[in-house]
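Per chain, numbering begins at 1; letters A, B, ... match sequence-line order.
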Amino acid sequence: MSTLTSGEIKRYMEKPQIKDRLIVTPFLNPKDSIDPSSIDVRLGPEFIIFNKQALPFLDLNESEEKINKVIAKSQERVIVNYGEKFILHPRQYVIGGTFEYIKLPSNLMCYVVGKSTLGRMGLIIATATKIDPGFRGCITLEILNEGEVPLVLYPGMPIAQLVFHETKGKAKYEGVYDCPTGPIFPKFEKIKKDLQFWIKL
Amino acid sequence: MTITRLAEQGKYLKYAILSTKASKVLKDLKNGKKLNKEHKNVLERGANLISMIIEGASLSEGNFKEGLAPTQESLSVFGYALAALDGFAPEPEIDNGYTSFFKNLYKELRKNTSKNSGNKEKITLLIKFFDTLGYFFRREVQKERYWSPDDSIITIKEKSLNDYRTEAIS
Amino acid sequence: MITGQKPLVESYLLEISSRSREVKKKCSELLTLEFASKSPKFLLDTLIKCCNFLENASCVLYNSIDWKLESKDDISDTLTLLKYIDFLIKVFSSHLRYSSGARTLNLPWGIIDSFEKFVEVLLPGTTIMFRPQWKYNYSIVTSDLHEIYYNSLYEFQDFIPEISLENKVLDSLPKPFHIVSFPSLEKENILLHCLIGHEIGHLFARRYFSKEIQNKFIKEIQKEVIEITKRKTSIRFPGQKGLFFDQMLQREIQKELKLAFRYWKRGLEEILSDIIGTLLFGPAVLFSSLEIALQDDYDAIPHENTGYYPPWRMRLREILRVIESPRRRFFPLPKNSSFSQAIKITVSKRYNLIKKITKIESDLIAISHDEIMKLSYREIKKNINEARKDFEDKLKKKILKPKDLYNRLPELIERIDIGIPPNAYERKIDKRKPASIVRIINASWFHKISWNIDIFDKKGKISEQAIHHKNKMNRLTSKAIEYSNIEFEYQNKLNTSEKVKP
């Protein structure tokens, strides 16, 4: 499984047929955003924050209706205007998303990797999230401040990198997230069926 | 009151307040008080209001003059002035038409403003006019407070300010 | 003085003051919340200052009462003025809902900044504030809110001349300031929001109604209205003469003139706004107007209950006239364009359907049954042509041209077709260009008209897939507008060699 270098990334982004093209949009600064073997992506303006006091626990064994109720009660969706601050306190965990909308052709997959500059300040971004071939949407990011000081995040700031790999063969996207344009809390349909076995064992 | 309604009715609110102030100043004048600059400004604005009424009256009486620029507002204000005259008891004599009547009222007011005094009978008439005019403007502005959502469905119109028809609209 | 009057008036003054402070407290609380733009905060700041002003005026008024003189009139007039102050404070408190409703999560956040900038380009110096309303309607307060508040407070300046309304009370509120409302139910229906173009059209349309134009209208119809009214009144009261009849006739004439004016002004205003919206947004307005018209009666004649709106059929007819203007024909689609066959067929079908609807003249027949309405609409017909030339002159380069729209529209439509926001032309990453809000919305409309998703499932129920697809299309359109707006700003602020125009 080969990693795409900058030249290959560009080639994929300029393929004549849109279905074969890698799309990362809007690509505001192509010169600076393409690294030797990755693309920088920015932080989106939407966040999901958690109201711990409203969340007793999350048990995936519960009915979908109950899980949805718990989620609705304990989560808050926040939109931060461009130019405004979002402060992430130590040990605070939020769900964010990429600013860019990504479309992967059926023979490319990618990993989301944090930026080392931010990592050294304690900011953890989605430990090696894998994005399947054929995915379209803004990538949901799990953001955690493992540092000792509150961090100020600004929508639009570079936050992560995408590392692309060519797959052997083509794959059809079968994920549950269809063209998300902001962060999405997980859907548990797929996990639940399998989980039933282990709970009833 | 929504912003849209305030945009439409706001001028009537302004006229309502102006009418009350004009009436107050005229009462002071009647009681022998001297008018200061602010009082005279109030009466000036009162006179401007009457001149708008004259515009509306001229139009209604078919005396459209070239150069005269009547607007929907002057027509409306004339309507309120008619309602105000209705409220007089006994009703004033309108021998030569409404335009003439209001022109005389205007002249009297201008006289009082410049001379700092006036005929007590005429001042009383002006006070009465502004009092009742203010009342009708006030009632229009406060209409929303008493509006019921069903009105738009049943809509049996009563004899109200500017509408003398009685209609049932389904 | 009526015994006990003074304590009662004092008590009332305290109530007025409490109400004012409650409004200020609520404004301060709201100012700590999130808004998509600064406009709602301008309004809240202003409401605080207005309440301060009125509270001061009420104290001055109260202190002006000379209780020793025992003048009943003096107290009664001052009490009336205090009631007006109280009334205004209550009115301002009801305006809190405009800002409170405009909080970020209540709005289609992604498009707000874009539309605000769109208006700023069209009408420099104009500030607009978007907010949802429960009523199912798009509307705009065409009067400048700054001016509205100024007029409301004007007569109280006399009492506190040292506080300038412009410099100390209304300084936080930009001038002009307009509020645009959209139906809360349609918050996510981005495609319908191109009707905001019609609302923006109102800001142009109202400038058309100069005193001269109004004067001209009155001059044209006055004699006929008087004759019609005389005839109608004589029929209702046959054989009546004398002073009472003359006075009643005057009132009827006043009413009918006012009604004629209302038919004319409202009808013309709405049609002119449609025309301007269409000049700016092109076919998208035609398609979105049809969707709204479908919800109503095509031939509903103007009436007080319907806000004197002109019939929808007439409105569609006038919008179509703009679309079919000889200098700017949008249909049929250019033969050499790269639109797919599906687009060409389906969009043409929709266009032809609208032509069929507007060819029927049942609306004109309905209007002709009312003599006064017929007069007013006769004048509207004359005014439309004259006004359109005037607007075309004023809008010039901002008018959408078919060549410019269709140039790379297929590229944007292709993006939505495969589930990507139609925000940019980016076949070459070094030569990418953001698309404008007008092109994005048109691309989405073309996509919507041409999609071939079955809206029913196998069981004959509304398909979840169809609902999902519609929602997805709206989200992608909203995202595209958000992206395009940011990209234009990014490119312009980072001083790239080519300044990009939205």
Side-chain angles (χ1 to χ4, degrees), chain A residues 6 9-34 39 42 44-47 76-86 97-106 134-138 155-156 173 176-182 184, chain C residues 33-38 103-110 112-113 188 190 410-435 465 468-469 471-480 482-491 493-494 496:
Chain A
S6 56
I9 292 171
K10 277 185 195 161
R11 192 176 68 83
Y12 261 100
M13 288 179 90
E14 291 185 353
K15 288 218 169 191
Q17 296 290 325
I18 198 169
K19 61 176 175 63
D20 301 325
R21 212 179 293 158
L22 164 65
I23 292 177
V24 178
T25 192
F27 207 37
L28 296 182
N29 196 348
K31 236 200 288 179
D32 294 340
S33 299
I34 301 184
I39 283 181
R42 300 167 187 274
E46 275 185 74
F47 299 90
E76 195 187 323
R77 193 169 277 271
V78 162
I79 300 177
V80 177
N81 292 332
Y82 293 109
E84 290 179 9
K85 297 177 186 178
F86 182 84
T98 56
F99 167 70
E100 290 87 351
Y101 190 99
I102 285 97
K103 176 217 160 259
L104 295 175
S106 53
F135 172 82
R136 298 161 302 173
C138 296
Y173 182 71
V176 294
Y177 309 110
D178 186 17
C179 305
T181 50
I184 304 237
Chain C
L33 302 177
E34 268 94 44
F35 296 97
S37 76
K38 291 182 188 156
R103 293 171 55 199
T104 300
L105 290 176
N106 296 336
L107 299 179
W109 175 84
I112 297 300
D113 198 40
E188 308 291 354
I190 307 300
E411 223 173 297
L412 298 180
I413 299 170
E414 189 185 40
R415 288 168 74 95
I416 318 174
D417 286 345
I418 65 159
I420 305 169
N423 59 299
Y425 314 102
E426 45 188 3
R427 283 198 176 138
K428 295 278 173 197
I429 57 168
D430 294 335
K431 288 183 182 171
R432 49 176 290 107
K433 195 182 163 204
Q465 196 201 7
H468 175 78
H469 189 89
N471 293 340
K472 184 169 78 178
M473 182 196 60
N474 278 312
R475 279 188 292 107
L476 292 177
T477 308
S478 173
K479 206 68 187 168
E482 179 196 330
Y483 280 159
S484 138
N485 184 45
I486 278 285
E487 189 157 5
F488 279 121
E489 275 226 46
Y490 186 90
Q491 289 185 3
K493 280 188 179 162
L494 288 191
T496 49

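In this structure, the separation between CG on A:Asp178 and CZ on C:Arg475 is 7.0 Å, given to the nearest 0.5 Å. Rounding to the nearest 0.5 Å places NE2 of C:His469 at 9.5 Å from SG of A:Cys179. Interatomic distance, CD of A:Glu14 versus NZ of C:Lys431, reported as 9.5 Å (0.5 Å rounding). Here the CZ-CZ distance, from A:Arg136 to C:Arg415, works out to 13.0 Å after rounding to the nearest 0.5 Å. Rounding to the nearest 0.5 Å gives a distance of 11.5 Å between OG1 of A:Thr181 and NZ of C:Lys472. For the atom pair OG1 of A:Thr25 and CD1 of C:Ile420, the computed distance is 8.0 Å after rounding to the nearest 0.5 Å.
Proximity to chain C (any heavy atom under 4.5 Å) is restricted, for A:Ile34, to the side chain, taken from C-beta onward. Using a 4.5 Å cut-off between heavy atoms, C:Lys428 contacts chain A through both its backbone and its side chain. For chain A, the nearby part of C:Leu105 is the side chain; its heavy atoms alone come within less than 4.5 Å. Interface residue C:Glu482: only side-chain heavy atoms are found under 4.5 Å from chain A. In this structure, the portions of A:Pro26 lying under 4.5 Å from any heavy atom of chain C include both its backbone and its side chain.
A:Asn81 has its side chain within reach of C:Trp109: a pair of non-hydrogen atoms, C-beta onward, lies under 4.5 Å apart.
Most heavy-atom pairs under 4.5 Å with chain A, from the set C:Asp430, C:Asp113, C:Ile429: that is C:Ile429. Chain C forms more heavy-atom pairs under 4.5 Å with one residue of A:Pro45, A:Pro180, A:Gly182, A:Cys138 than with any other, namely A:Pro45. Ranking A:Ile23, A:Ile79, A:Val80 against chain C, the residue ahead of the rest is A:Ile79, based on heavy-atom pairs under 4.5 Å. By number of non-hydrogen pairs under 4.5 angstrom with chain C, the leading residue of A:Ile102, A:Val24, A:Val78, A:Leu28 is A:Leu28.
More than 12 heavy atoms of other residues, nucleotides or ligands shown are found within 6.0 angstrom of CD on A:Glu84. Other residues, nucleotides and ligands contribute over 12 non-hydrogen atoms within 6.0 Å of the CZ atom of A:Arg42. Enclosure of atom NZ in A:Lys15 by more than 12 non-hydrogen atoms of other residues, nucleotides or ligands within 6.0 angstrom is indicated.
Residues forming a ring-ring contact (aromatic ring centres under 6.0 Å, His included) with A:Tyr12 (at least two apart in sequence, or on another chain): none.
Residues C:Tyr483 and A:Glu100 approach most closely at OH-C, 3.4 Å, considering heavy atoms.
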Checklist entry - What do the steps show when you test A:Phe99 against C:Ile486 for side chain to side chain contact (heavy atoms under 4.5 Å, CB included), and what is the final call? => result CA-CA 11 Å; A:Phe99 167 70; C:Ile486 278 285; 3.8 Å; yes
